[in-house]
Amino acid sequence: MSARPRPRFTPRPAGTSDAEISAMRRKVQVARKQMALQEEDYRAILLRITGRDSSTRCDAGQLDAVLREFRRLGWKAGAKPPSHRAQIR
């Protein structure tokens, strides 16, 4: 029986509210879309970083670790993706 590596995450910061955790989950989803990650790639990153396969099962520290990983991979918070809509003037 081989030992499974422990997930890397920081504990939930004191005072992190459910609303703040929900905002972090939304940020993870925005980053996922902006990075155009395929479902299987996204799940692999979550599993590698947190040991979980869904952001809804992650705590604040784990979500923070996922966002740090996305930044390491090149995601920039606040950057808007190019619009696919036609410009109407």
Side-chain angles (χ1 to χ4, degrees):
M1 188 162 80
S2 65
R4 187 173 178 189
R6 295 194 70 193
R8 294 174 290 172
F9 66 92
T10 55
R12 178 178 176 164
T16 305
S17 69
D18 289 339
E20 291 170 318
I21 291 174
S22 292
M24 291 176 80
R25 285 189 185 118
R26 285 191 302 273
K27 193 179 270 192
V28 166
Q29 294 304 316
V30 167
R32 171 187 174 192
K33 288 178 184 175
Q34 288 179 349
M35 294 174 70
L37 290 174
Q38 297 294 319
E39 183 73 18
E40 60 195 32
D41 296 330
Y42 166 70
R43 300 274 177 201
I45 290 171
L46 278 180
L47 196 59
R48 178 171 51 86
I49 299 300
T50 68
R52 309 204 181 223
D53 64 351
S54 172
S55 65
T56 60
R57 294 185 177 138
C58 295
D59 62 28
Q62 291 169 326
L63 293 169
D64 185 57
V66 171
L67 291 169
R68 283 195 316 264
E69 177 66 5
F70 285 165
R71 285 186 199 100
R72 188 188 71 78
L73 295 172
W75 176 67
K76 295 190 187 320
K80 294 187 177 180
S83 175
H84 297 289
R85 292 182 172 181
Q87 296 294 324
I88 300 174
R89 296 181 191 222

If you count every heavy atom of other residues, nucleotides or ligands that lies below 6.0 Å from E39 atom CD, does the total exceed 12? yes
Tell me whether L37 shares a hydrophobic cluster with V30, the cluster being built from Ile, Leu, Val, Met, Phe, Trp, Tyr side chains joined at under 4.5 Å. no
Among V66, D53, V28, L47, the one residue meeting side-chain contact (heavy atoms from CB on, under 4.5 Å) with Y42: V28
What pair of heavy atoms forms the shortest contact from K76 to Q34, and how long is it? O-OE1, 4.2 Å
In plain terms, say whether E40 and R43 are close enough for a salt bridge, that is, a side-chain N and a carboxylate O under 4.0 Å apart. no
Enter the distance from L46:CG to R32:CZ here, rounded to the nearest 0.5 Å. 8.5 Å
Just jot down the side-chain contact (heavy atoms from CB on, under 4.5 Å) partners of S22, sequence neighbours excluded, or say none. R26
Main chain of C58, side chain of R25: is a donor-acceptor contact present, judged purely on distance under 3.5 Å? yes
Can you find a pair of side-chain heavy atoms, one from K27 and one from W75, that are under 4.5 Å apart? yes
At their closest point, which heavy atom of M24 faces which heavy atom of A60, and how far apart are they? CE-O, 3.3 Å
Just checking R57: does its CZ atom have more than 12 heavy atoms from other residues, nucleotides or ligands closer to it than 6.0 angstrom? no
Spacing of I49 atom CD1 and Q62 atom CD [to the nearest 0.5 Å]: 10.5 Å
